[in-house]
Amino acid sequence: MPDAGHRILIDRSLADPGAQSVALTTEEEGVALLAGADLGGARGVLLMQSSGTGNCINMLSLIKGGHFPFLSLVSMRGDFGEGNPWQYPMGQAVEPVLQAMGVICLRIERPEEVAPTVAAALTMVFQGGSAVAVLLTQKLLGAKSF
Amino acid sequence: MANDYPQGVDMAAAIAAGFILDRREAVPKLIGRHEDFLFVTGLAGTARDIAALTRDGAHIYTMAGAMGGACMIGLGLALARPDKRVLVATGDGELLMNLGALATIAVLNPANLAILCVDNGHYGETGYQKSHTSLGVDLEKIAAGSGIKRARTIAGEAELADGGRMLREGNGTAFIVLKVKPDDPPPFKRNMDPASCRTRFRGALLGTG
């Protein structure tokens, strides 16, 4: 999904001939897409903003019930330093609702934690067969100014 | 036999609106040799259609929840396996729940993906309430407007053979609306455990769990 926090990663993915990038209209499409990719033996990651996690909830039934591996990188809004009141309800609900659907949440607040946390998530998902969301917090990314 | 129709269905009105074909005959005829495809199905009706057709084969992944996901599971599978033909068989209700998927698929337009919407104009599993396709919504036009160039509606017996070819050929994603009577799918009991079905599917396709 388009997002300022994922901008560089989206650009790199688009430029990488070894990666297939799929632009989505809504985040739940990505959950189903990744399950289908797994049925075919491929791996993927869903890039989205915290506001989109709510759009995924029922589709995560597929992940939990089917024991599909699932990895998402979530750029957070509605937390540290947020100036847009619309972002708080979903931002603050990300962890409880994802955890309720069986997704393990790993929060990152400092730049030096990014690479080891994503490496840990890759192991947890593609060796451990789990569902993991890596939360890129606003303490890490900085809050958008209004 | 008119009294055998599901309770609450106005069959005369459905037939007058073009929902004429019997899904138990039309779906197998349209698909033909099922071994030509990997299948992803929607819930209830199409899951039973395809499970009955394949005797719940290892080349099918049927859903019983997560409504709105069938087309995108099919896209993920088609992108992962360009060497295989992927057929998404889903109902009008399931498709209506995530129309954005048609736009996402049209942008990529994989030639090894086909979508078959078995459209009975009703939510059969929940008591045959009318769906939007009974109320004027045209899924073929939505698919075409989303950018899927190979989109058509099949409502008569004579068109089934053409449809079968369309599912197998062409240089982009195919989309077929198959209009059928609002009548029950085959009463086939399939495996409804999503985890064991995943293991079964991957085992057959990839030789792994």
Side-chain angles (χ1 to χ4, degrees), chain A residues 1-2 10 13-14 16-48 52-72 100-103 125-131, chain B residues 38-40 42-43 58-84 86 88 90 94 97-108 110 112-113 146 192-209:
Chain A
M1 294 298 290
I10 289 170
S13 165
L14 289 169
D16 184 348
Q20 168 81 59
S21 301
V22 180
L24 309 169
T25 69
T26 180
E27 291 79 0
E28 70 172 316
E29 289 179 5
V31 178
L33 179 85
L34 293 180
D38 172 77
L39 288 177
R43 297 174 174 185
V45 55
L46 173 59
L47 309 182
M48 62 177 168
T53 58
N55 295 347
C56 297
I57 298 308
N58 187 50
M59 199 58 69
L60 288 168
S61 304
L62 173 64
I63 302 300
K64 187 173 185 181
H67 300 175
F68 284 93
F70 175 76
L71 177 60
S72 182
M101 290 308 292
V103 179
V125 172
F126 295 115
Q127 287 183 40
S130 65
Chain B
L38 300 173
F39 286 90
V40 176
L43 292 61
H59 59 311
I60 78 172
Y61 194 82
T62 61
M63 299 171 73
M67 195 164 169
C71 287
M72 290 302 298
I73 298 175
L75 177 62
L77 179 58
L79 294 177
R81 293 306 300 258
D83 57 321
K84 300 281 187 185
V86 176
V88 175
T90 190
E94 206 275 342
M97 200 167 272
N98 185 6
L99 291 172
L102 297 179
T104 296
I105 288 166
V107 167
L108 294 166
N112 65 325
L113 176 63
S146 299
M192 285 178 58
D193 173 8
S196 72
C197 289
R198 170 183 177 256
T199 303
R200 181 181 72 177
F201 190 99
R202 286 172 51 91
L205 181 63
L206 309 168
T208 177

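Only heavy atoms go into these numbers, but all of them, side chains included; no hydrogens, no water, no symmetry mates.
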Going from [atom1] on [X] to [atom2] on [Y], what distance comes out if it is rounded to the nearest 0.5 angstrom?
X	Y	atom1	atom2	answer
B:Met192	B:Leu43	CE	CG	8.5 Å
B:Leu102	B:Cys71	CG	SG	5.5 Å
B:Leu205	B:Lys84	CG	NZ	6.0 Å
B:Cys197	B:Ile60	SG	CD1	7.5 Å
A:Gln20	A:Leu14	CD	CG	10.0 Å
B:Leu77	B:Tyr61	CG	OH	11.5 Å

- Task: Could you check which of B:Leu79, B:Val107, B:Leu38 has the highest count of heavy-atom pairs closer than 4.5 Å to chain A?
- Result: B:Leu79

- Message: Quick check on the interface: out of B:Asn98, B:Val40, B:Leu108, who has the most heavy-atom pairs with chain A under 4.5 Å?
- Response: B:Asn98

Atom group of [X] that falls short of 4.5 Å from chain A, counting heavy atoms:
X	result
B:Leu75	both
B:Ala103	side chain
B:Met63	neither

- Run the numbers on A:Leu24 and B:Met72 for side chain to side chain contact (heavy atoms under 4.5 Å, CB included), then give the verdict. CA-CA 10 Å; A:Leu24 309 169; B:Met72 290 302 298; 3.9 Å; yes

- Message: Check for me whether B:Arg198 meets the cation-pi criterion with A:Phe68, that is, NZ or CZ under 6.0 Å from the six-membered ring centre and within 45 degrees of the ring axis.
- Response: yes

- Interface residues of residues 52-64 of chain A facing chain B - non-hydrogen atoms under 4.5 Å apart: A:Asn58, A:Met59, A:Leu62

- Task: Please list, in residue-number order, every residue in residues 41-48 of chain A that has a heavy atom less than 4.5 Å from any heavy atom of chain B; write 'none' if there are none.
- Result: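 At a heavy-atom separation under 4.5 Å, chain B is reached by A:Gly41, A:Ala42.
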
- Should A:Leu33 and B:Ile73 count as side-chain neighbours, where that means a heavy-atom distance under 4.5 Å? no

- Message: Quick one, A:Ser130 and A:Phe70 - any side-chain contact, counting heavy atoms below 4.5 Å?
- Response: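 In short, these two side chains do not touch, never coming nearer than 4.5 Å.
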
- Note on the structure: Residue pairs passing the salt bridge (charged side-chain N to carboxylate O under 4.0 Å, His left out) test with at least one member in residues 17-27 of chain A, sequence neighbours excluded, are none

- Would you find a donor on one side and an acceptor on the other, under 3.5 Å apart, between the side chain of B:Glu94 and the backbone of B:Ala70? yes

- Does A:Asp16 have any salt bridge (Lys or Arg N to Asp or Glu O under 4.0 Å) partners at least two apart in sequence or in another chain, and if so, which?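 If we apply the salt bridge (Lys or Arg N to Asp or Glu O under 4.0 Å) test to A:Asp16, skipping adjacent residues, there are no hits.
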
- With respect to chain B, which residue among A:Leu34, A:Thr25, A:Thr26, A:Val31 yields the maximal number of heavy-atom pairs within a distance under 4.5 Å?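 Top option by heavy-atom pairs under 4.5 Å: A:Thr25.
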
- Can you say whether A:Glu29 sits under 4.5 Å from chain B via the side chain, the backbone, both, or neither, judging by heavy atoms?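 Both parts, heavy atoms under 4.5 Å.
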
